There are 2 protein chains.
Amino acid sequence: MVEEIYQHTRQLVSVDCIIFGYENDELKLLVFKRWIEPFKGELSLLGGWVNHDESVTNAAKRVLKLISGLNDIYLEQVDVFSEVDRDSGGRVISVAYYALMNIDEQNRHLIEHNSATWVSLKNKPKLIFDHDDMVDKALEKLRIKATYDLIGEHLLPEKFTLLQLRKLYNAIFLREFDPGNFRKKVLSLKVIEQLDEKDTFESKRGAFYYRFKKLIQVNYGNQIFRIEN
Amino acid sequence: MVEEIYQHTRQLVSVDCIIFGYENDELKLLVFKRWIEPFKGELSLLGGWVNHDESVTNAAKRVLKLISGLNDIYLEQVDVFSEVDRDSGGRVISVAYYALMNIDEQNRHLIEHNSATWVSLKNKPKLIFDHDDMVDKALEKLRIKATYDLIGEHLLPEKFTLLQLRKLYNAIFLREFDPGNFRKKVLSLKVIEQLDEKDTFESKRGAFYYRFKKLIQVNYGNQIFRIEN
DNA sequence: GCAAAAGTGTTCATAATACACCCATGT
DNA sequence: ACATGGGTGTATTATGAACACTTTTGC
């Protein structure tokens, strides 16, 4: 029997996705031309409603799959945005997620879905509502994530050089990392492994390709240990 | 004009508050006896619905004020809990917040509101739904917060000794901090100031009282204490 | 005197940083 | 030859952790 306490006023709940990509030594953001009022035609993040039969995270995954065709997109929750007047179309509580995707792999789908554009974060256009705040907070979270974990698995190609990885970090933190120190630090983490192949596009001498190790997560009670293959 | 796109199915949205306090060298949690079905009579976190005319954070503040009588309670968002079947009374999306409060100051209000009890985290009873997960995640967030910022302003009395502060940290991290090193580290942060008064209850020699400086703290990512492992 | 906490100083290991230096190769 | 990035090594500095040691005072 459902108590009357469960008959409270209900809210529109949405997800908004801050989709980051990496291209030409720059961190980019995927923005969409809005097709409904209010602010029809203006730029916004990718959004969608949360259905009754799915979790909020699943709503974000569903929406991302819809535009990219991909199932396993890396997602992190950013924050809940719920100011009463944040959406001039109505009272909407929105949960923001940032997603990381490889631009090259996804370009085809996104071009078909032609209301979407990759823009450089350096000259990001104004977005509707509080979407600019969402991007700022997402970038902040991404930077924190990148200080604790080596990211790049979802932004770089399968195999990449240390130069590419360093340039990605340069783009995220807007500073120049020392090549030698960056190399030593990254390799000490033991989360990427060297391949036999070399890249000769970016350097004359040739730089070894690396890839992220395939890690299996084993759950022992409460603690999760990451164990190598 | 409201577009039909804003006529999507709406959700019940709630807040749940993980209220931490500190007493007798232990971190405590405020739990409530549930007065509605399902699970009437069992223990739960403090919860409440989000109204149409308030932000989610304001809903948490409102609910906290209702039980404590206090306006400015320290709050941090923990996470969104939205599994479809997490609440057996219906589909409810819940935003969890942790709150820090000084137990001594609030005891009167809470005793009046006698369905509430402070329990030690060491022998925390089972709570309903996914509230145990909420507590775990809140504690995790609190620990992270305490590594970056010196906390205690909302858990300790106005004036406190370094011993009290250290015991609070011992309780949060469940380990013993070295007295000398703790003192040096804490004082180097320059966020607390020594008073002229001494406490002679806890030590024979007498220990200076300290209090948090009244100023805006800007802390950019320097860790205070390292978490092991 | 002894215990207990206050408070200071010293040593050691580790990690980040700055930077020098040689290697390999395409132009 | 030289510019460019690859890759290694080293000195310096900062920081945390371990711990020794003195001070003060109630019991």
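Being a predicted model, the structure only gives us computed values, none of them experimental. First the proteins, then the strands, lettered A, B, ... as listed; each starts at 1. Only heavy atoms go into these numbers, but all of them, side chains included; no hydrogens, no water, no symmetry mates.
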### Message
The criterion is side-chain hydrogen bond (donor to acceptor under 3.5 Å, both in side chains); which residues satisfy it with B:Y22, sequence neighbours excluded?
### Response
none
## Note on the structure
Across all chains, not counting sequence neighbours, the side-chain hydrogen bond (donor to acceptor under 3.5 Å, both in side chains) partners of B:K61 are none
#### Entry: For A:D87, side chain to side chain contact (heavy atoms under 4.5 Å, CB included) partners two or more places apart
A:V92, A:F129, B:Y6
### Query
Could you give the CZ-to-C1' distance, from A:F177 to C:dC19, as a whole number of Å?
17 Å
### Query
In whole Å, what is the span from the CZ atom of A:R183 to the P atom of D:dG9?
11 Å
### Message
One character per nucleotide, please: for nucleotides 18-27 of chain D, 5' to 3', B when the base has a protein heavy atom closer than 4.0 Å, S when only the sugar-phosphate does, - otherwise.
### Response
BB---BBBS-
Contacts table for residues 119-128 of chain B: side-chain donor-acceptor under 3.5 angstrom, sequence neighbours left out:
{"unit_1": "B:S120", "atom_1": "OG", "unit_2": "B:E26", "atom_2": "OE1", "d": "3.3"}
{"unit_1": "B:S120", "atom_1": "OG", "unit_2": "B:E26", "atom_2": "OE2", "d": "3.4"}
{"unit_1": "B:S120", "atom_1": "OG", "unit_2": "B:K122", "atom_2": "N", "d": "3.1"}
{"unit_1": "B:S120", "atom_1": "OG", "unit_2": "B:N123", "atom_2": "OD1", "d": "3.4"}
{"unit_1": "B:K124", "atom_1": "NZ", "unit_2": "B:D132", "atom_2": "OD1", "d": "2.4"}
{"unit_1": "B:K126", "atom_1": "NZ", "unit_2": "B:D132", "atom_2": "OD2", "d": "3.2"}

### Message
Going by side-chain hydrogen bond (donor to acceptor under 3.5 Å, both in side chains), name the residues that satisfy it together with B:E176, two or more places apart in sequence or in a different chain.
### Response
none
### Query
Sequence neighbours excluded, which residues qualify as side chain to side chain contact (heavy atoms under 4.5 Å, CB included) partners of B:D79?
A:Q77, B:F81, B:K137
### Query
Got a sec? Which of residues 162-173 of chain A come in under 4.0 Å of DNA chain C, heavy atoms?
none
### Query
A:K204: what forms a side-chain hydrogen bond (donor to acceptor under 3.5 Å, both in side chains) with it, not counting sequence neighbours?
none
### Message
For the residue pair A:R175 and A:F177, would you count it as a cation-pi contact if the rule is NZ or CZ under 6.0 angstrom from the ring centre and within 45 degrees of the ring axis?
### Response
yes
